[in-house]
Number of protein chains: 2
Amino acid sequence: MSAMEELDRQIVDLLVRDGRMSYTDLGKATGLSTSAVHQRVRRLEQRGVIRGYAAVVDPEAVGLPLTAFISVKPFDPSAPDDIADRLSGVPEIEACHSVAGDENYILKVRVATPLELEDLLGRLRALAHVATRTTVVLSTPYEARPPRV
Amino acid sequence: MSAMEELDRQIVDLLVRDGRMSYTDLGKATGLSTSAVHQRVRRLEQRGVIRGYAAVVDPEAVGLPLTAFISVKPFDPSAPDDIADRLSGVPEIEACHSVAGDENYILKVRVATPLELEDLLGRLRALAHVATRTTVVLSTPYEARPPRV
DNA sequence: CCTGAAAGGCCTGCCGG
DNA sequence: CCGGCAGGCCTTTCAGG
């Protein structure tokens, strides 16, 4: 963040750690009045610094115990790259990053079973005309740690 | 998830999309009373289905425009694997996954500049006695999409 | 950009089914 | 496991400095 000063930084940090913290408590933690905090949060939201709020759920607990990274490369490198668009409707994809290196994209996906992963890979290849290279996640020591903002 | 029925599924889905939704609104959306929703949310929280709530922030807006995936492999494969522990204090690491394949871990990191990435790689190698292979993210079409719970 | 106050809505705990 | 109610707290807005 370029133009973000200490108070905003502090508010963002608190909200990243607890997205349901009340404005009253944010005020106590920062030494501001409730309305001042509220105002700053609104500005942070509409400036796009805060994109939204989300419950963070345990993927296993919601029936998606299998995570994998799929590197993706087009069969025809000269074709226009609409891969991200073509894949945007696939719900198993949690993230899609365009990357430097041998492959073009890295996808992070979550599925219930190896069979579903196999099926997903087939759909990805057909949908986006890509070759895939899959790295299965065995365990996740930590994930989605709050950035040191 | 195994023992999660429709109502819980629905509540989790709503909270993943908007982590600040009020119990009253959750009630309206699900057809339950406020207290019934509140009860279910509390159970979901203490069963660990909902791990917490977080503001989702734009990494660029908070001064971390450079994202990378770092694959990590120990110099000495016979040494006991305490890599995840050794790296747990490094704040640039947002996620650490143990994976199947040629390398042992995939880290997702965020930094401000290429220079910081270089510095980080040096620290990782020294801290955990690992070889690294880095894939720089060029752009991110989407990320942290709510799982289809 | 902040504070303070006031109205309205929400949270939360406690019963009764 | 659900609904309803009541007191207290939080949110939201609006003057005013």
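Each chain gets a letter, A, B and so on, in the order its sequence line appears, and its residues count up from 1. FYI, side chains are in, hydrogens and waters are out, and symmetry mates aren't considered; it's all heavy atoms of this structure.
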Compare all side-chain heavy atoms of A/Asp18 with those of A/Leu14 and state whether any distance is below 4.5 angstrom.
-> no
Do B/Leu124 and B/Ile93 come within less than 4.5 Å of each other through their side chains, counting heavy atoms only?
-> yes
Short N-O contact, A/Glu103 and A/Arg133, less than 4.0 angstrom | yes
Is the closest basic N to carboxylate O distance between B/Asp13 and B/Arg9 below 4.0 Å?
-> no
Heavy-atom nearest nucleotide on DNA chain D taken for B/Arg20 and for B/Ser33; more 5' hit belongs to B/Ser33
d(A/Thr30 OG1, A/Gln10 CD) to nearest 0.5 Å is 6.0 Å
As a check of understanding: the bend across the helix from C/dC1-D/dG17 to C/dG17-D/dC1, end axes from five pairs, rounded to 10 degrees, works out to 30°
Going by side-chain heavy atoms closer than 4.5 Å, which hydrophobic residues are tied to A/Val56, directly or by a chain of links?
-> none
Give the intermediate values and the outcome of side chain to side chain contact (heavy atoms under 4.5 Å, CB included) for residues B/Val130 and B/Phe75.
-> CA-CA 5 Å; B/Val130 292; B/Phe75 285 133; 5.6 Å; no
Each nucleotide N or O in nucleotides 12-16 of chain D that has a protein N or O under 3.5 Å away: list the pair and distance.
unit_1	atom_1	unit_2	atom_2	d
D/dT12	OP2	A/His38	NE2	3.2
D/dT13	OP2	A/Arg42	NH1	3.2

Do other residues, nucleotides or ligands put more than 12 heavy atoms under 6.0 Å from the CZ atom of A/Arg43?
-> yes
Within the structure shown, what part of the strands sits under 4.0 Å from B/Ala36 by heavy-atom distance: base, sugar-phosphate, or nothing?
-> sugar-phosphate
Between which nucleotides of DNA chain C, read 5' to 3', does contact with chain B run, using atoms under 4.0 Å from its heavy atoms?
-> C/dC10 to C/dG13
Length of the line joining B/Leu32:CG and D/dG3:C1', which is rounded to integer Å = 10 Å
B/Val41: what forms a side-chain contact (heavy atoms from CB on, under 4.5 Å) with it, not counting sequence neighbours?
-> B/Ile11, B/Leu15, B/Tyr23, B/Leu26, B/Val37, B/Glu45, B/Tyr53
Salt bridge (charged side-chain N to carboxylate O under 4.0 Å, His left out) contacts touching residues 105-122 of chain B (sequence neighbours left out) | B/Glu94-B/Lys108, B/Glu94-B/Arg110, B/Lys108-B/Glu143, B/Arg110-B/Glu143, B/Asp119-B/Arg123
